[in-house]
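Whatever order the structure lists ligands and atoms in, that order sets their numbers, starting from 1. Position 1 is the first residue of the sequence; numbering continues from there. In what follows, every heavy atom counts, from backbone to side chain, and hydrogens, waters and symmetry copies are set aside.
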Amino acid sequence: MTTARRIDGKKMAAELSEKITRETAALLRDHGIVPGLAVVIIGEDPASQVYVRNKKRTAEACGFHSVQHTLAADSTLDAVLALIDALNNDSNIHGILIQLPLPSHLNEMQLTQAVAPGKDVDGFHFINIGKLASGNTGDAFVPCTPAGCMLMIEAELGTDLSGYSAVVIGRSNIVGKPMASLLLQANATITVAHSRTADLPGVVRNADIVVAAVGQANMVKADWIKPGAVVIDVGINRIEVSEDGETRSKLTGDIDYASVCKVAAAATPVPGGVGPMTIAMLMANTLRAARLASGLGLN
Ligand code: NAD
């Protein structure tokens, strides 16, 4: 019985954040530039508030100028657009993030497309999506979650995935589609599976690389996994568990981690896998935005 390597996203993210912190200090010392990140949160979704707090804390730890704009849940579209416009024109701000989900009266597409492409550190603007899809990633912003997944896959298999087959489960614009683009760019042979896919276990069984981004607790079972596969779990699901006669809630991913680890070569845990890497990649994108906006090359 094999036991998969645990891909330690928390450790990788800490190392990446340390590197970003060093580069941020050098940017200030050599060019007098401080990367600025603005996070806009509309409404009071509790999970979003936790995410935004973590992003702000990490941005400050990296040495960034970090601002948070908290708007009331009933803010008008015009009010939010006016704030985005002001941030687009603020030279101290290099990255703008609109925390999702939005209150239902606001249109996600309208707001994400209002962010200047050069400050779109989430990689949601059509210009950045187009650059990624066409393989022109030189000055593009790639969505943070798939970018973080890619670093974890590269740490296991290297940067050239020629000959590997990859299955991405989920086709969202935030995770599934950009993940597929990144894997394709690295020469993997990709399949994007989703809720209408027939025989999902059979499809996944062919994959050397599995990325699960569905939002269904423990959906991917050990007998779906090809022996020796690398498995990346994007899902974040809150479930109730009974322990010692008590019911408590805990986070779990889309893969049945304990059983999958008996078959896979390596797998990411939840928590401590993709989540921390997502935040670290947001910092990497913000530093990148500051360098590009200042006419400096990327190092
Ligand atoms: P989404 O709801 O936009 O997309 C889910 C995708 O799963 C859809 O494409 C759908 O077709 C597919 N799907 C649904 N049921 C399926 C089934 N039975 N079989 C196969 N495919 C199915 O979600 P999303 O925004 O892409 O997020 C997916 C998960 O990843 C969620 O749990 C979310 O919380 C998590 N997430 C985590 C991070 C992170 O930083 N760790 C970031 C983003 C999203």
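Residue contacts with ligand 1 for Thr278 involve side-chain atoms from C-beta outward but no N, CA, C or O (heavy atoms, distance under 4.0 Å). With a 4.0 Å cut-off on non-hydrogen atoms, Arg196 does not touch ligand 1 at all.
Given atom 14 (C) of ligand 1, the protein heavy atom at minimum distance is Val214 CG1, 3.6 Å. Closest to atom 44 (C) of ligand 1, if we only count protein heavy atoms, is Val175 CG2, 4.0 Å. At the shortest separation from atom 33 (C) of ligand 1 among protein heavy atoms lies Ile236 N, 4.2 Å. Nearest protein heavy-atom contact of atom 11 (O) of ligand 1 is Ser195 N, 3.1 Å. Given atom 29 (C) of ligand 1, the protein heavy atom at minimum distance is Gly215 N, 3.8 Å. When hydrogens are left out, the protein atom nearest atom 4 (O) of ligand 1 is Ser172 CB, 3.8 Å; that is the closest non-hydrogen contact.
Side-chain contact between Leu111 and Asn107: absent, with no pair of heavy atoms (C-beta onward) separated by less than 4.5 Å.
Salt-bridge check for Glu156 with Arg5: passed, with a basic side-chain N closer than 4.0 Å to an acidic carboxylate O. Between Glu15 and Lys11 there is a salt bridge, since a side-chain N of the basic residue sits under 4.0 Å from a carboxylate O of the acidic one.
Residue contacts with ligand 1 do not include Gly176, since none of its heavy atoms lies under 4.0 Å from the ligand. In this structure, Thr197 has no heavy atom closer than 4.0 Å to ligand 1. Heavy-atom separations between Gly235 and ligand 1 include at least one value shorter than 4.0 Å.
Taking both residues in full, the closest heavy atoms of Asn89 and Lys119 are given as N-NZ, 4.3 Å, listed atom of the first, atom of the second, then distance.
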>> Checking Asn285 against Arg288 for the side chain to side chain donor-acceptor pair (under 3.5 Å) test, could you report, in this order, the C-alpha distance in whole Å, the side-chain angles of both residues, the deciding distance, and whether it holds?
In response: CA-CA 5 Å; Asn285 276 354; Arg288 180 182 168 81; 4.7 Å; no

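With a 4.5 Å cut-off between side-chain heavy atoms of Ile, Leu, Val, Met, Phe, Trp and Tyr, the cluster of Val214 takes in Val167, Ile169, Leu200, Val203, Val204, Val210, Met219, Val220, Trp224, Ile225, Val231, Ile255, Tyr257, Val260, Val263.
Here the side chain of Asn128 pairs a donor or acceptor atom with the backbone of Phe141 at under 3.5 angstrom.
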